[in-house]
Trainee: 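Take this structure, written in structure tokens, and hold onto it; I'll ask about it next.
Order of appearance sets the numbers: ligands from 1, and atoms from 1 within every ligand.
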Amino acid sequence: MTPEKELEYRNALTMIVTAGQVILTHGGSALDAVTEAVRLLEENPLFNAGKGAVFTHNGTNELDASIMDGATLNAGAIAGVSHIRNPILAARAVMEHSNHVMFIGEGAETFARSQNIEMVEPDFYYTDARYEQLQRALLDQGVMLDHDAASLAVRNPQGDPIDPDKKFGTVGAVAIDNDGNLAAATSTGGMTNKQAGRVGDSPIIGAGCYANNRTVAVSATGTGEMFMRAVAAYDVSALMEYAGLSLEEAANRVVMEKLPAIDGRGGLIAVDSQGNVALPFNSEGMYRGVGRVGQPVEVDIYR
Ligand code: ASP
């Protein structure tokens with residue numbers, strides 16, 4: 001990655017974490033902070049969610065998102081949508097204005113329309129970088145994970161630790177507010193070259209997103225199938241609640257032991273009820289940032 005490109009990512013992350021921080025500084029809720037952070041990540045074409053989402057095998061975009069309120073254990077999710085500008089706003093509307101937790105496809109879009117959520121034509125999500133990424137995946141006949149270098153080493157003549165195209169993943173945010181409430185939000189285009197109709201962990205409560213005031217808020221990114229089989233986000237919470245592990249121990253157990261044992265690659269971001277933060281990943285890199293009220297925002301990419 002060129003220094004310019006790296007700066008672009010760092011600036012975007014800093015701006016977005018700061019936006020969440022400002023909400024919390026002014027007494028806003030964790031739920032509002034994670035919603036706004038993820039909405040901004042969706043708006044930014046650098047990241048694999050909303051505009052800039054990856055392509056399916058068919059050259060379409062199918063987006064998934066979820067949100068969970070740790071205070072009430074309320075949750076909302078949508079999957080397989082292709083006309084919603086900000087999937088996270090639709091997921092939040094599902095949580096707050098429906099009797100259900102999850103909507104898919106056309107039904108999700110009909111619901112979003114009824115909530116006056118902004119709709120777009122599918123070409124809204126298009127970026128050249130993602131389209132080229134699909135073309136390379138089609139040549140490889142593989143499914144590409146954004147932060148994954150393993151499958152790309154062959155085509156990475158410079159021998160960079162991570163292919164420049166592959167570091168932008170699913171987006172997520174977790175937060176704790178002044179009242180001690182936790183929230184988590186996750187949004188994604190999924191995996192490049194995924195089969196049409198495939199849904200990963202991101203919109204599955206407990207797999208790619210989980211929040212519970214008693215324990216932790218978690219948002220995950222990685223090989224979705226393995227995160228679903230590991231019930232990864234909930235497992236962090238369960239290890240804390242039932243096995244008495246600290247956040248760091250629980251997050252590391254899941255990301256560094258349980259997921260690799262079934263070939264799961266990726267990472268997660270988490271904040272616990274005491275405000276401790278964990279950002280473990282077993283992939284080459286993970287774009288991440290932390291903002292505490294009254295302190296400078298920290299962002300990072302590599303290990
Ligand atoms: N977890 C996402 C999925 O499987 C992909 C990612 O995190 O990059 O859909």
Side-chain angles (χ1 to χ4, degrees), residues 9 38 41-42 44-57 60-67 77-82 87-88 91 102 104-105 125 127 129-130 133-134 137 142-152 162-174 184-210 218-236 254-255 258-260 262-270 279-288 301:
Y9 280 97
V38 169
L41 286 158
E42 289 174 342
N44 192 318
L46 292 175
F47 303 101
N48 173 20
K51 182 156 182 71
V54 299
F55 285 93
T56 67
H57 182 76
T60 56
N61 302 105
E62 297 182 355
L63 291 80
D64 309 323
S66 60
I67 189 162
I78 56 157
V81 300
S82 301
I88 197 61
M102 189 174 196
I104 62 163
Y125 307 115
T127 59
R130 294 306 186 188
Q133 195 174 337
L134 172 64
V143 180
M144 280 189 193
L145 185 67
D146 259 0
H147 1 228
D148 196 8
S151 60
L152 299 158
I162 314 173
D163 183 295
D165 284 350
K166 299 301 156 321
K167 282 181 291 189
F168 350 128
T170 286
V171 308
V174 294
T186 306
S187 181
T188 192
M191 287 162 78
T192 295
N193 199 23
K194 68 183 180 182
Q195 253 180 275
R198 176 266 188 190
V199 176
D201 60 313
S202 306
I204 307 294
I205 298 302
C209 181
Y210 188 74
V218 179
S219 176
T221 178
T223 43
E225 282 70 10
M226 288 64 166
F227 281 68
M228 292 159 91
R229 289 162 53 203
V231 201
Y234 177 71
D235 200 23
V236 176
V254 171
V255 173
K258 298 181 89 170
L259 282 163
I262 55 170
D263 258 344
R265 295 191 305 273
L268 55 82
I269 57 172
L279 312 159
F281 54 96
N282 63 33
S283 46
E284 300 289 319
M286 184 173 81
Y287 289 116
R288 58 200 188 277
I301 298 175

Trainee: Enumerate the atoms of ligand 1 whose separation from the nearest heavy atom of G190 is less than 4.0 angstrom.
Mentor: 5 (C), 9 (O)
Trainee: Return a yes/no value for T188: is any of its N or O atoms, backbone included, closer than 3.5 angstrom to an N or O of ligand 1?
Mentor: no
Trainee: For G222, is at least one N or O under 3.5 Å away from an N or O on ligand 1?
Mentor: yes
Trainee: Using ring-ring contact (aromatic ring centres under 6.0 Å, His included) as the criterion, list what pairs up with F227, not counting sequence neighbours.
Mentor: none
Trainee: Under the criterion salt bridge (charged side-chain N to carboxylate O under 4.0 Å, His left out), I'd like the reasoning laid out for R198 against E62: C-alpha separation, chi angles, the key distance, then a yes or no.
Mentor: CA-CA 9 Å; R198 176 266 188 190; E62 297 182 355; over 6 Å; no
Trainee: Between CG of N44 and OH of Y9, what distance do you get to the nearest 0.5 Å?
Mentor: 8.0 Å
Trainee: Any nitrogen or oxygen of R198, main chain or side chain, under 3.5 Å from a nitrogen or oxygen of ligand 1?
Mentor: yes
Trainee: Strictly by modelled atom types, are E42 and S187 linked by a side-chain donor-acceptor pair under 3.5 Å?
Mentor: yes
Trainee: Does G224, backbone or side chain, put an N or O under 3.5 Å from an N or O of ligand 1?
Mentor: yes
Trainee: Check whether R130 reaches the backbone of G52 with its side chain - one donor and one acceptor, N or O, closer than 3.5 Å.
Mentor: yes
Trainee: Given N48, D64, V171, D201, which has its nearest heavy atom closest to atom 1 (N) of ligand 1?
Mentor: D201
Trainee: If I apply the N/O under 3.5 Å rule, does T223 come out as touching ligand 1?
Mentor: no
Trainee: Applying side-chain hydrogen bond (donor to acceptor under 3.5 Å, both in side chains), name anything that partners S219, two or more places apart in sequence or on another chain.
Mentor: T186
Trainee: Please work out whether any backbone atom (N, CA, C, O) or any side-chain heavy atom from C-beta onward of S202 is under 4.0 Å from ligand 1, and answer side chain, backbone, both or neither.
Mentor: side chain
